[in-house]
Trainee: 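So that we are looking at the same thing, I have put the structure below in structure tokens.
Naming: A, B, ... by sequence-line order, numbering from 1 per chain. Here the structure is a predicted model, which is why all the values come from computation and not from measurement.
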Number of protein chains: 2
Amino acid sequence: MDRIDTSLIALRRILRATEMFGREITQSAGVTPVQFRVLQIIGETGQTTAKTIAQRMRVSQATVTSLVDKLVREGMVLREKSTLDRRQTNIHITPKGKKTLADAPDPLQQRFVRKFSAMEDWEQAMLVASLERIAAMLDAEDIDASPVLDTGDIKRASET
Amino acid sequence: MDRIDTSLIALRRILRATEMFGREITQSAGVTPVQFRVLQIIGETGQTTAKTIAQRMRVSQATVTSLVDKLVREGMVLREKSTLDRRQTNIHITPKGKKTLADAPDPLQQRFVRKFSAMEDWEQAMLVASLERIAAMLDAEDIDASPVLDTGDIKRASET
DNA sequence: GCATGATATTTCAACAGTCAAAGCATATTT
DNA sequence: AAATATGCTTTGACTGTTGAAATATCATGC
């Protein structure tokens, strides 16, 4: 087994881990990864608008509407017309939604951060260098990546 | 911006690159990433069975049926009952399917292999070590990853 | 004050991908 | 031959996704 195979396998494990995490969520939280991501965004500030979610997730507003519909049905969030700008709808999280967020399994990102922090300085440095190298190898162009790693956040970049 | 952020961003770029590649395919080849993956598997040997595809992609046979349906409709592949075991159906690729494969944009994997091969020995070693480290960080358990990196291959691992 | 255009959201119709369950045809085992 | 196993497709359902059209509400210019 040469280095290329070893690398490819590792890369695939990484990709797969994000998928796996998605399923953990579905099982334990009762919402799908995408829905969970919506819930996370709403949960950050307690309430937000459809537009914001659409932008953050890089999906269309129509998609957000259907996603929020499902969360409303589950009792995780509520919709309420904004009083300031009545075109807007504030979507806010319910206690049940908060509980779902709180009870969610250790997110991938946290897992990463925790283990990364525990590393020796030299190893951290090596990892950072390697990751950047690999990212550069794979993505040809500009990416407006923010420091957030989520399943469900890795989606459409249209209408940007 | 600390190392954690930098790492997370790089990781996300990597994840995103696989998504992007999916869209390149859709645009230039006229098939979706998943359909393309099916085509790839069939193309490897020129013909194969539904079961094989289902196992390789880790999806149910029902899914494969619907995917192959679409490829048949597109004229990329053909179905033909096996003469040896008439329960089986051999799915084989057509010239059009071959052309689609041949004309596809540089796959992620090739891109990776090419650039990886061009690296200095020490850098390759570092990358391999880092990738394995990261993979271990993220995936808690056993993964039967084969040395194949594809969008669309990173899917359900049930019924294994 | 009100017409015009911009903005925020939802509704609708349509896909792709996915699966479980059921059905069908064919092999294999007993 | 009967029972069981295997390979595949059909059916019905659900999530995620979008573009286009509909609705409601600002915001501006005149």
Trainee: Write down the distance between CD1 (B:I91) and C1' (D:dC8), rounded to a whole number of angstrom.
Mentor: 9 Å
Trainee: In this structure, how many angstroms lie between the C1' atom of C:dA6 and the CG atom of A:D85, rounded?
Mentor: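 For the pair A:D85 CG and C:dA6 C1', the rounded distance is 12 Å.
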Trainee: Starting from the 5' end of DNA chain D, give me the residue, A:K81 or A:L67, whose nearest nucleotide shows up first.
Mentor: A:L67
Trainee: Quick check on side chain to side chain contact (heavy atoms under 4.5 Å, CB included): which of B:T52, B:L78, B:I93 does B:I42 satisfy it with?
Mentor: B:I93
Trainee: Return the 5'-most residue of the pair A:L84, B:D69 with respect to DNA chain D, ranking by each residue's nearest nucleotide.
Mentor: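 The residue mapped nearer the 5' terminus is B:D69.
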Trainee: Could you give the CD-to-C1' distance, from B:Q88 to D:dT9, as a whole number of Å?
Mentor: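 So the CD-C1' distance, B:Q88 to D:dT9, works out to 15 Å.
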Trainee: Quick one: A:N90 CG to C:dA8 P, roughly how many Å, whole number?
Mentor: 13 Å
Trainee: Starting from P on D:dG7, measure out to CD on B:E80 and report it in whole angstrom.
Mentor: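 Answer to the nearest Å: 19 Å.
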Trainee: Mind calculating the distance between NZ (B:K70) and P (D:dT10) to the nearest angstrom?
Mentor: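 Interatomic distance, NZ of B:K70 to P of D:dT10: 13 Å.
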Trainee: Quick check: do B:I53 and B:I91 have side-chain heavy atoms less than 4.5 Å from each other?
Mentor: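 When only atoms from C-beta onward are counted, B:I91 and B:I53 do touch, with a gap below 4.5 Å.
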Trainee: Check every atom of C:dT10, D:dA24, D:dC8 against the side chain of A:R87 and return the nucleotide holding the closest atom.
Mentor: D:dA24
Trainee: Identify which nucleotide among C:dT18, C:dT9, D:dC8 has an atom closest to any side-chain atom of A:T49, counting heavy atoms from C-beta outward.
Mentor: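 Of C:dT18, C:dT9, D:dC8, C:dT9 is nearest to the side chain of A:T49.
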Trainee: Choose from D:dT18, C:dT9, C:dC19 the nucleotide whose nearest atom is closest to any side-chain atom of B:S60.
Mentor: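 For B:S60, the side-chain atoms sit closest to C:dC19.
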Trainee: Looking at A:R87, A:K81, A:Q88, which one forms a side chain to side chain donor-acceptor pair (under 3.5 Å) with A:D85?
Mentor: A:R87
Trainee: Nearest 0.5 angstrom please: A:Q35 CD to A:T100 OG1, how far?
Mentor: 11.0 Å
Trainee: If we check side chain to side chain donor-acceptor pair (under 3.5 Å) with B:R79, which of these qualifies: B:T89, B:D69, B:N90?
Mentor: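 It is B:D69; the other options fail the test.
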Trainee: Remember a base hit wins even if backbone is also touched, and classify A:A62 as base, sugar-phosphate or nothing at under 4.0 Å, heavy atoms.
Mentor: base
Trainee: What's the closest nucleotide to the side chain of A:T63 if the choices are C:dG17, D:dT17, C:dA21?
Mentor: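 So the side chain of A:T63 is nearest to D:dT17.
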Trainee: Nearest whole Å is fine: how far is D:dT17 P from A:I53 CD1?
Mentor: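 Distance check: A:I53 CD1 to D:dT17 P gives 13 Å.
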Trainee: Would you mind classifying the nucleic acid contact of B:T89 as base, sugar-phosphate or nothing, using non-hydrogen atoms under 4.0 angstrom?
Mentor: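 Answer is sugar-phosphate: B:T89 comes under 4.0 Å of backbone atoms only.
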Trainee: Counting heavy atoms from C-beta on, name the nucleotide in D:dC26, C:dC19, D:dT15 closest to the side chain of A:R86.
Mentor: D:dC26
Trainee: Please report, rounded to the nearest Å, how far the C1' atom of D:dT9 is from the CD atom of B:Q61.
Mentor: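 Between C1' of D:dT9 and CD of B:Q61: 9 Å.
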Trainee: Measuring from the side chain of B:T32 (C-beta onward, heavy atoms only), which nucleotide among C:dT11, C:dA16, D:dT17 has the closest atom?
Mentor: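 Closest of the options to the side chain of B:T32: C:dA16.
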